Peer 1: 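Quick one: structure below, then a few questions.
Each chain gets a letter, A, B and so on, in the order its sequence line appears, and its residues count up from 1. Since the structure is predicted, the reported quantities are computational estimates derived from the model, not experimental observations.
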Protein chains: 2
Amino acid sequence: MKATIKEVAKEAGVSISTVSRVLNGRDRVSRHTINRVREVIDKLQFQPDFVARTMIMKKTSTIGLVVPQLSNEYWAFMSEVIQDQLWTHGYTTLICSTDNEPEKDSAYLKMCLERRMDGVIYCSSPHYSTETNIQIDLLKAAGVPVVSLDPNILGVSCVVGDHLQGTLTAVEHLIRCGYTRIAYIGGPAVSIEREFGYRKALMMHGFQVDEGLIRLVKGQSFGDGYEGLRSLHSSGISFDALFCGNDLLAFGAIKAMEEAGIRVPDDVAVVGYDDIFSARLFKPALTTVRQPIQDIGQELVNLLLLTLETEPERRTVRKIVIPTELIIRESSGIRLRQV
Amino acid sequence: MKATIKEVAKEAGVSISTVSRVLNGRDRVSRHTINRVREVIDKLQFQPDFVARTMIMKKTSTIGLVVPQLSNEYWAFMSEVIQDQLWTHGYTTLICSTDNEPEKDSAYLKMCLERRMDGVIYCSSPHYSTETNIQIDLLKAAGVPVVSLDPNILGVSCVVGDHLQGTLTAVEHLIRCGYTRIAYIGGPAVSIEREFGYRKALMMHGFQVDEGLIRLVKGQSFGDGYEGLRSLHSSGISFDALFCGNDLLAFGAIKAMEEAGIRVPDDVAVVGYDDIFSARLFKPALTTVRQPIQDIGQELVNLLLLTLETEPERRTVRKIVIPTELIIRESSGIRLRQV
DNA sequence: TTGAAAGCGCTAACAA
DNA sequence: TTGTTAGCGCTTTCAA
């Protein structure tokens, strides 16, 4: 059914090595032979078998990309950016969505090794497991370049958002607005530095951290934010502001407040994190810490490509910190211009 | 660096075929040999080379999935559902986001053939090109099962949302609410049947279709909806309701109306299509036609798997129509319960 | 400029 | 139950 190089060679009356040569443009082949072979290739609709080629070349031209959840706008956009970037560099991206499940996480990494990915971009859910670490070590041991977004994995180059700083700025913004009882919703699915930034901001401004104002939820989606706020609300504790580990959590929390008759920002000011597209569409438009997805994706790809071009012995571990930006909108109570 | 089956055989003092046998669980191997080999495999951290295996088996266990735009919530979710489904059936999914560019569309399909995907799920942007058709034919000619979402590609099994009916129901809902000047924003990136449904509903209820109320925009995203409404507004034409080809277009249109001082739903009622997650979060909550993504993804996978299990000669072209459901929320002017 | 031959790492007859 | 051998479709020496 599918023509092979053998049939092309036979039909053209040359050897398979000659066909291979015109295919790869290596060595020199006479004009006449080239034309003859090209003709037959067209006629037979021959396409070299990528798999066979891969086996010899030891290069799949494929990069594995592991993200926590594709249905989360943030990761979907990130994946798109990275895939585009890699495509222009001749690589295909194998996107893997782990749905925040540690088992899937390591399973996909394992697959990356089995399938001989040329490199891996790992955007973990921060509660990755020991198994994940083992897989990453295996990958490294096999000489497969790995770069990661955010987590500190020993010996892996990474791009990190400046979460501590980002959160610090966000919470300071709330403090400056005069809020004094600032709650926090985060958890293992969100960078721990955001919690640190929250604590740091409070302490720097002379506030005691009230652990009762902190809710650590399991996931990083709408429902988790919703539950987080319900728990906060039903505890009876009072708060006049809320910082959420990401925008989706904030959306969920606001929804829960709406249902409980708490007005945002009149009763409680809210700040999120990420600045996903819908943050500006939401009512009230969400004040949030912007992570420049485009830049982050770009840096991840650059970092990976750089590693790919360096011999394993010469590779160095780099860490690139991407600054964040506070985007002030309605939800934090100040009516500035909408961005 | 990486151990091969040869080294395992040598180390274990058996032949490579014996190693292969314990690897695949084929034939019978003595308990003792199995243990011996397993030990060595562990010791050497041997993993069979997927690529080499693939070459012999003529099966990559990989399915290509082509979607128009991953950063669109609808497609991100769809991709996640399909990837999950396929993963449980032992397949890896290669997700390709074409960004609505016909060239990328056909380029990715070409890649699916080159890389010997076992099957392809094609969720086209409806303005796919001739080149796309050629690539799909090539795929079929090579015996690669292709199933598609929505478009009518000759000889390709497909799952289609019942867009004509869905739109009809939506527009009839507006008519019943008493709106008489119903505008439409759609275009090539959105199923043409939605436009037909719009026209049909109007005609069935004795309205003349006013072409001035129709705006065909290029893409399917927020910005396109925004532009569509601006164009509609600046033309000076009057309208009291608006049906949009998808939710994102509706969001954009509503944003533009907001800026123009047009209130939704008080001045203009709006209905979208898809029921993406943020539709219920939006203010006003969006009335929209729900497409059951989970079901659609499920059906696509089933259809593909079925085709995969059928010998090429016995394959039949099937078309599965998925019913839609009108979800009434605030934007269309009736204050029913929020879903 | 071309061809013959040796593999890449594995599976799968066919023997033993 | 195990080993030998012949490929899968291609690239790449090495000769001619």
Peer 1: I want to verify a distance call: between D:dG9, D:dT11, D:dT13, whose nearest atom is closest to the A:R21 side chain?
Peer 2: D:dT13

Peer 1: In whole angstrom, give the distance that lies between atom NZ of A:K59 and atom P of D:dT11.
Peer 2: 14 Å

Peer 1: What's the CE-P distance between A:M55 and D:dT12, to the nearest Å?
Peer 2: 13 Å

Peer 1: Counting heavy atoms from C-beta on, name the nucleotide in C:dG3, C:dT11, D:dC10 closest to the side chain of B:N24.
Peer 2: C:dT11

Peer 1: Rounding to a whole Å, what distance do you find between B:K6:NZ and C:dA6:P?
Peer 2: 13 Å

Peer 1: Between C:dA4 and A:S17, counting only base atoms on the nucleotide and side-chain atoms on the residue, is there a donor-acceptor pair under 3.5 Å?
Peer 2: yes

Peer 1: Taking only N and O in the side chain of A:S20, is any of them less than 4.0 Å away from OP1 or OP2 of D:dC10?
Peer 2: no

Peer 1: Between D:dT1, C:dC10, D:dT11, which nucleotide has the shortest distance from any of its atoms to the side chain of B:T4?
Peer 2: C:dC10

Peer 1: Which atom names give the shortest non-hydrogen contact between A:R36 and A:E11, and what distance separates them?
Peer 2: NH2-O, 3.2 Å

Peer 1: Of all the nucleotides listed (D:dT1, D:dC10, D:dG3), which has the minimum atom distance to the side chain of B:R28?
Peer 2: D:dT1

Peer 1: Please determine whether a side-chain nitrogen or oxygen atom of B:R53 lies at a distance below 4.0 Å from atom OP1 or OP2 of C:dC10.
Peer 2: no

Peer 1: Measure CD/B:E114 against C1'/D:dC10 and give the value in whole Å, please.
Peer 2: 15 Å

Peer 1: Specify the separation, in whole Å, of atom NE2 of A:H32 and atom C1' of C:dT1.
Peer 2: 13 Å

Peer 1: Would you name the heavy atoms of A:C123 and A:P68 that are closest together and state the gap between them?
Peer 2: O-CD, 3.1 Å

Peer 1: Taking atom P of C:dA13 as reference, at what distance in whole Å does atom CD1 of B:I16 sit?
Peer 2: 15 Å

Peer 1: The side chain of B:I5 is closest to which nucleotide in this list: C:dC10, D:dT11, C:dT1?
Peer 2: C:dC10

Peer 1: Report yes if at least one side-chain N or O of B:K58 is closer than 4.0 Å to OP1 or OP2 of D:dG9; otherwise report no.
Peer 2: yes

Peer 1: Identify the heavy atoms of B:P48 and B:L23 that sit nearest to each other, and give their distance.
Peer 2: CB-CD2, 4.1 Å

Peer 1: With a non-hydrogen cut-off below 4.0 angstrom, is B:F46 in contact with a base, only sugar-phosphate, or nothing?
Peer 2: sugar-phosphate

Peer 1: State which of D:dT11, C:dA4, D:dT2 makes the closest approach to the side chain of A:M57.
Peer 2: D:dT11

Peer 1: Hey, does the side chain of A:T18 come within less than 4.0 Å of C:dG3's phosphate (OP1/OP2), counting only N and O?
Peer 2: yes

Peer 1: Please give, in whole Å, the distance from C:dC10 P to B:E7 CD?
Peer 2: 9 Å

Peer 1: Counting only side-chain N and O atoms of A:S30, is one of them less than 4.0 Å from OP1 or OP2 of C:dT2?
Peer 2: yes

Peer 1: Using only heavy-atom distances, determine whether the side chains of A:Y91 and A:Q85 contain a donor-acceptor pair under 3.5 Å.
Peer 2: no

Peer 1: Hey, does the side chain of B:T33 come within less than 4.0 Å of D:dT1's phosphate (OP1/OP2), counting only N and O?
Peer 2: no

Peer 1: Would you kindly give the CD1-to-P distance between A:I34 and C:dT1, to the nearest whole Å?
Peer 2: 9 Å

Peer 1: May I ask you to say whether B:D49 pairs ionically with A:R116, meaning some side-chain N is under 4.0 Å from a carboxylate O?
Peer 2: yes

Peer 1: D:dG9, C:dA12, C:dG3: which one has an atom nearest the side-chain heavy atoms of A:V14?
Peer 2: C:dG3

Peer 1: Under the criterion side chain to side chain donor-acceptor pair (under 3.5 Å), which of A:T60, A:T54, A:T62 is the partner of B:R115?
Peer 2: A:T62

Peer 1: When you measure from the side chain of A:V29, which nucleotide among D:dG9, C:dT2, D:dT11 comes out closest?
Peer 2: C:dT2

